[in-house]
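So that the names make sense, note that chain A is the first sequence line, chain B the second, and so on, each numbered from 1.
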Amino acid sequence: PASNLGLEDIIRKALMGNLEE
Amino acid sequence: ELSQEQQALLSFIVEAYQKHRIPQDMAKKLLQEQFNAEENFLLLTEMATSHVQVLVEFTKNIPGFSALDHEDQIALLKGSAVEAMFLRSAQVFTRKQPHGHTEVLEDRIRKSGISEEFITPMFTFYKSIGELQMTQEEHALLTAITILSPDRPYVKGQQAVERLQEPMLEVLRRFCAIQHPLEPQHFARLLGRLTELRTLNHHHAEMLTSWRMS
């Protein structure tokens, strides 16, 4: 669902350690 | 009693849970009473993003999590983020706050444009968590257990996830028995809250849609 796209993005970034972005 | 290994696991999880929380300045913004609908929407969105980032940082500390398949890690986090968020928020509403803080927060949520049919179950959940008078240990373990749910959509290595979740469940079971010797049903009650969380999660997508339209 579209509502989850943002969520997955945030998770992927945070998992890679790019919290600052 | 907890074994030495279990005690170490518990301390580790609790420390990680306490360390990774929403930045205080953001939490403070929530308590400023001057806000219009648009600011409210932006702030709650910002808070939700921060919640997820903090959740990921906490999850990275769960022993064994980083060794899971990378896509499974994402599937677990994606499946549990909303539930972990509700659990963490419940703490805010059940902890004793300085006078008036809880009311300001509740007012902000009620004026966020989210329809009443979603707000009511949320506060019912907060109340049911409050009744359990959960300790920080129980909150940290329950959050870890929620994240490590093997039955989330798209998880391929369910057994690997189960192997991480089981020791957490056992630590929580023993911890409850130690802390609540006169309440043998306490552990079962905690697990029951996970079922409630699933329902909230299920309605969350609907809630977002209604909020956006509003």
Side-chain angles (χ1 to χ4, degrees), chain A, chain B residues 19-23 26 41-42 44-62 65-86 114 118 147 152-155 201-214:
Chain A
S3 62
N4 279 341
L5 286 177
L7 176 62
E8 186 168 330
D9 234 21
I10 299 163
I11 290 170
R12 283 186 188 276
K13 276 187 180 171
L15 268 178
M16 289 189 300
N18 298 339
L19 260 179
E20 303 75 31
E21 291 178 32
Chain B
K19 186 174 160 202
H20 298 292
R21 50 174 72 192
I22 286 181
M26 194 184 287
F41 177 85
L42 287 174
L44 288 172
T45 310
E46 198 187 339
M47 289 280 296
T49 306
S50 179
H51 246 303
V52 176
Q53 289 170 334
V54 164
L55 178 72
V56 173
E57 291 309 306
F58 166 68
T59 308
K60 281 182 188 172
N61 282 277
I62 297 176
F65 183 84
S66 303
L68 291 173
D69 174 88
H70 189 69
E71 289 306 309
D72 277 0
Q73 291 181 21
I74 290 158
L76 290 176
L77 281 161
K78 213 174 150 183
S80 64
V82 166
E83 294 175 25
M85 191 162 16
F86 279 124
I114 300 172
F118 300 115
I147 297 161
R152 299 290 183 197
Y154 310 112
V155 172
N201 194 357
H202 184 74
H203 292 307
H204 187 256
E206 264 179 83
M207 179 179 96
L208 279 184
T209 311
S210 112
W211 196 21
R212 282 194 183 127
M213 284 171 75
S214 159

(request) Hey, could you give me the CG/CE distance between A:Leu7 and B:Met85, rounded to the nearest 0.5 Å? (result) 7.5 Å
(message) Please find the pair of heavy atoms, one from A:Ala14 and one from B:Gln53, that lie closest to each other, and give the distance.
(response) CB-CA, 4.4 Å
(message) Would the distance check show the side chain of B:Lys78 and the main-chain N or O of A:Ile11 forming a donor-acceptor pair, the cut-off being under 3.5 Å?
(response) no
(request) Could you give me the CA-CA distance, side-chain angles and deciding distance for B:Val56 and A:Lys13, then say whether side-chain contact (heavy atoms from CB on, under 4.5 Å) is met? (result) CA-CA 10 Å; B:Val56 173; A:Lys13 276 187 180 171; over 6 Å; no
(message) Does B:His70 have more than 12 heavy atoms from other residues, nucleotides or ligands lying within 6.0 Å of its NE2?
(response) yes
(message) Could you measure the distance from the CD atom of B:Gln73 to the CZ atom of A:Arg12? Nearest 0.5 Å is fine.
(response) 10.5 Å
(message) Let's test your reading of the structure: which of B:Ile74, B:Thr59, B:Thr49 forms the most heavy-atom pairs below 4.5 Å with chain A?
(response) B:Ile74
